[in-house]
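Here the structure is a predicted model, which is why all the values come from computation and not from measurement.
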Amino acid sequence: TSAMVVALLVGCTSTPTAKTTESSAPKPSPTLTGVPAPTSSDNAIHAAEETASQYVALVNEIDLDGGKDANRLESVATNPALGLALPGFDAIAKRGDKFSGKNVLTFQQAYATTLKSSTQSIPFGSVTIDACYDSTGVTDTLPNGSSAPRPPKLKTGRQINVFYDPDTNT
């Protein structure tokens, strides 16, 4: 799977029902091609969680690189996620912020549904993941050495939608 959309915020629970992922995962390949369509709900959910993990790993890398080369996210994301992320990274790069630490994504629950288009229907082609995005371990230092203001919520619920793309087999 390659297309990822962050659709809306949901609540974080204190007891996740699935695994946690950090940016220590291997770096994603620039493009994912030749992936067969998911054959089961478990297969689709696993692939979607891998895609979401790759997205967070790239976000962490881009943070550590001071917001530079944020277009790397295009290997695992589409709009509206890209439209939300890229301007923020551009602003970080222009300011010259330095980041340390890692964002952590905790999967809480996920389900797969049929992806329908005007020409075809792909069973398990769409996955929705409820997750908690934790930025408490991230520090943003401004060019003058002071700490950047922290957002009021460092743990936010995310609903992530991942879709199989039959045109590129990803």
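Here D42 pairs with nothing under the salt bridge (charged side-chain N to carboxylate O under 4.0 Å, His left out) rule; sequence neighbours left out. Under the side chain to side chain donor-acceptor pair (under 3.5 Å) criterion, T141 pairs with no residue, sequence neighbours left out. Applying the salt bridge (charged side-chain N to carboxylate O under 4.0 Å, His left out) criterion to D97, with sequence neighbours excluded, gives R95. Under the side-chain contact (heavy atoms from CB on, under 4.5 Å) criterion, S147 pairs with no residue at all, not counting sequence neighbours. Shown here are the side chain to side chain donor-acceptor pair (under 3.5 Å) partners of T114, two or more places apart in sequence or in another chain: there are none. Remark: D65 engages R72 in a side chain to side chain donor-acceptor pair (under 3.5 Å) (not counting sequence neighbours). Residues meeting the side chain to side chain donor-acceptor pair (under 3.5 Å) test with T139, sequence neighbours left out: none. The side-chain contact (heavy atoms from CB on, under 4.5 Å) test applied to S117 returns T119, Q120, not counting sequence neighbours.
Cluster membership check: L105 does not share its hydrophobic cluster with L64, using side-chain heavy-atom separations under 4.5 Å among Ile, Leu, Val, Met, Phe, Trp and Tyr. Follow the hydrophobic side-chain contacts under 4.5 Å out from I45 and you reach I129 in the same cluster. If you chain together hydrophobic residues whose side chains sit under 4.5 Å apart, F107 and F124 never meet in one group.
In this structure, R158 CZ and T106 OG1 are separated by 12.0 Å, a value rounded to the nearest 0.5 Å. Taken from CD1 in I160 to OG1 in T51, the straight-line distance is 10.5 Å, to the nearest 0.5 Å. For the atom pair CG (D69) and CG (L58), the distance works out to 11.5 Å, reported to the nearest 0.5 Å. Atom-to-atom distance recorded for L142:CG and I92:CD1 is 10.5 Å, nearest 0.5 angstrom. Remark: L82 CG to F89 CZ distance equals 10.5 Å, nearest 0.5 Å. The NZ atom of K102 lies 10.0 Å from the CD atom of E61; values are rounded to the nearest 0.5 Å.
Test V56, V104, L154 against Y133 for side chain to side chain contact (heavy atoms under 4.5 Å, CB included) and you get one pass: V56.
Smallest separation of non-hydrogen atoms from I62 and K68: CG2-O, 4.0 Å. Minimum interatomic distance between V127 and A112 (heavy atoms only, all atoms of both residues): CG2-CB, 4.0 Å. Heavy atoms only, all atoms of each residue included: A77 and A81 are closest at CB-CB, 4.4 Å.
In this structure, the side chains of L73 and Y55 come closer than 4.5 Å at one or more pairs of heavy atoms. Within the 4.5 Å cutoff, the side chain of F163 has no heavy atoms near those of the I122 side chain.
Checking side-chain atoms of S135 against main-chain N and O of V138 turns up no donor-acceptor pair under 3.5 Å. With hydrogens and angles ignored, the 3.5 Å screen pairs a side-chain donor or acceptor of N60 with a backbone N or O of N103.
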